[in-house]
There are 2 protein chains.
Amino acid sequence: MAENSTGRGEPSRTLALLWGEPTETPKRKGPPRSVTVDQVVGAALGLADEHGLAAITMRAVAERVGVSAMSVYTYVPGKPELLDLMVDACYAGMTRTPWGRRGWRSRLAAIADTNRELLVAHPWLTEVAALSRPPLGPGVMAKYEHELAAFDNTGLSDVDIDAALTYLLGFVQAHCRSAHDAARATTDTAMSDAEWWAANQAVLARAFDAESYPRAVRIGSAAGGAQGSAWAADRAWEFGLARTLDGLAALIGEQ
Amino acid sequence: MAENSTGRGEPSRTLALLWGEPTETPKRKGPPRSVTVDQVVGAALGLADEHGLAAITMRAVAERVGVSAMSVYTYVPGKPELLDLMVDACYAGMTRTPWGRRGWRSRLAAIADTNRELLVAHPWLTEVAALSRPPLGPGVMAKYEHELAAFDNTGLSDVDIDAALTYLLGFVQAHCRSAHDAARATTDTAMSDAEWWAANQAVLARAFDAESYPRAVRIGSAAGGAQGSAWAADRAWEFGLARTLDGLAALIGEQ
DNA sequence: GTTGTACGACGTACGTTGTACAACGTACAA
DNA sequence: TTGTACGTTGTACAACGTACGTCGTACAAC
């Protein structure tokens, strides 16, 4: 496997799986299928949610659904396509409440919050490259349609709407990815951020000339000391979301 | 290897390497070292720049510098530490011109442009998680110090300066990561974006009800048709950078 | 009822990854 | 001259995705 990204399989085969394969005719030859595609995807989702993206191995998925490793390949062409199905299933499961009469700023904030909740529930999604060539399944389509509707009556052009949505989601993705990376760092290295910081500070103190980096020492120690804590993550979220919406406000205009 | 992220090694050993290891005493026992740490890092950088992050294998690095695979481990504790050194070396190589009398918006735009150039020259950097627990070497420190200096006389607090810089760099990273993912998609799958789009459109056309997703069809086809092209990437960059600076302007205040 | 055939399941195997380990040779210190 | 510390290397292992071949099953045709 080269990398974790969507859209690496044959489009027609992937699309058939995404949209529920009409080849699910009840009468087939051979022995009956012991599980379903949904069960396979569900097992992969469970593994990813519980133990991270690296825990998704074909063998592990197979064991979780109760078949042998190679049998998984009769349900899914390969691991890339399985990733596509997982992503679309996640999007499909999001709750989508109609926008009502709220203003655009409230709507966009809701989009950001909802996507953040999604990425907190499924942190591995921040590691998957699903922006170019997303899996064009029902989940992705419904999510895209719903989020585009939030831009109704903003006066933006179609191109700007797409750009603005991409920009907003890009911020959410970047933020959640950083938060997820920070969380993983503590678990992967069995070393808390405080310990890591202290260990580095001790060596750094006599390794380099503090006067050469006055701002870095002053600002970095203040900002780095609290890094990794939930409080810091929430502060960064509020800061970034406010900046992002302010930036879009300059384009849309207050109303 | 679990994942590609920095800061996974023992801090003291990593820091010693980053800051030039005073254990480079001329008189050692045993046979002389056949290469240097810099050569190892340089070989890894060359591989990554030419063939992507996945091309960095210990065996490939070893072959490029002309030693056996296991000999690399006498220069670098392991692959995570090698990544740390690569990241710091990239940052150290950036050109840093003093800020002069330019306004904050011009300075921040320069930060964004410079970082974009860096990520275009080394696309694999967008795949490395180096935000939490960055390698605290001379390159990272110099870059951090220089970019913090761009916020002199903005009136922001230390905490806000760090948050604003993180926010700005987050946008650059997210944008370049998307661009890099899109570029990789065409090379990895031996299928151009146009082909992929056409193949999907053909199947999608009869697979789902277009009237259920009016906005997605209208806006998506317009925006998706040109996706992946350099022109689209540049448009997204200009759009995002303008939004980001506008958002920060609401915090800093025009001047 | 018999047989042909298509298909699901599975075991084995290959190449690739990071790196632990032990053997071997080298060059300085005593 | 000898002991010792260290660089180099080959071998080996576990885990990964998945190609391939075999086997058994259940429907279709007769």
Side-chain angles (χ1 to χ4, degrees), chain A residues 1-5 8-10 13 21 23-37 39-40 43-44 47-48 51-86 127 188-189, chain B residues 1-5 8-10 13 21 23-37 39-40 43-44 47-48 51-86 127 188-189:
Chain A
M1 282 289 294
E3 230 55 54
N4 299 316
S5 64
R8 317 181 96 260
E10 210 184 353
R13 179 89 174 87
E21 185 137 20
T23 31
E24 287 295 333
T25 50
K27 287 304 157 197
R28 305 178 67 85
K29 292 204 172 184
R33 322 206 68 171
S34 42
V35 294
T36 66
V37 174
Q39 286 176 25
V40 172
L47 281 171
H51 305 107
L53 192 62
I56 308 181
T57 72
M58 298 304 266
R59 290 173 173 85
V61 172
E63 189 182 12
R64 196 174 239 244
V65 293
V67 299
S68 82
M70 290 313 294
S71 290
V72 178
Y73 287 90
T74 64
Y75 297 91
V76 167
K79 201 183 183 186
E81 290 82 357
L82 178 55
L83 260 183
D84 278 357
L85 296 176
M86 292 171 64
E127 303 176 48
D188 285 5
T189 63
Chain B
M1 281 292 294
E3 230 55 52
N4 299 317
S5 63
R8 317 181 94 258
E10 211 185 351
R13 179 91 174 86
E21 184 138 20
T23 31
E24 287 294 332
T25 50
K27 287 303 157 198
R28 304 179 68 86
K29 291 203 173 184
R33 321 207 70 171
S34 42
V35 294
T36 66
V37 175
Q39 287 177 24
V40 172
L47 282 171
H51 304 108
L53 192 62
I56 309 182
T57 72
M58 298 304 267
R59 287 173 175 85
V61 172
E63 189 182 12
R64 196 173 239 246
V65 294
V67 299
S68 83
M70 290 312 296
S71 287
V72 177
Y73 289 89
T74 64
Y75 298 91
V76 167
K79 202 182 183 188
E81 290 82 357
L82 178 56
L83 260 183
D84 278 358
L85 296 177
M86 291 170 66
E127 304 175 49
D188 285 5
T189 63

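Below, chain A is the first sequence line, B the second, and so on; all start at residue 1. Values below: every heavy atom of this structure, side chains too, minus hydrogens, waters and symmetry copies.
- The pairing partner recorded for dA30(C) is dT1(D), the criterion being a Watson-Crick or G-U wobble arrangement whose two distances lie under 3.5 angstrom.
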*Which parts of nucleotides 22-30 of chain C does protein reach within less than 4.0 Å, heavy atoms only, written one letter per nucleotide 5' to 3' as B for base, S for sugar-phosphate only and - for none?*
---BBSS--
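- Looking at the side chain of R59(A), the nearest of the listed nucleotides dT8(D), dT17(C), dT18(D) is dT18(D).
- Note on residues 66-77 of chain A: no pairs pass salt bridge (charged side-chain N to carboxylate O under 4.0 Å, His left out), not counting sequence neighbours.
- For T74(A) and dG8(C), the shortest distance from a side-chain N or O to OP1 or OP2 is not below 4.0 Å.
- A distance-only check finds a donor-acceptor pair linking the side chain of R33(B) to the backbone of T74(B) [under 3.5 Å].
- Rounded to whole Å, atom P of dT18(D) lies 9 Å from atom CE of M70(A).
- For R59(A), the side-chain hydrogen bond (donor to acceptor under 3.5 Å, both in side chains) test picks out no residue, with sequence neighbours left out.
- Comparing atom distances between the R33(A) side chain and each of dT19(C), dT18(D), dG8(C) picks out dG8(C) as nearest.
- At dT16(C), none of the side-chain N or O atoms of T57(B) fall inside 4.0 Å of OP1 or OP2 (strictly under the cut-off).
- Interatomic distance, CD1 of I56(A) versus CE of M86(A), reported as 3.5 Å (0.5 Å rounding).
- Rounded to a whole Å, the CG atom of L53(B) is 13 Å from the P atom of dT17(C).
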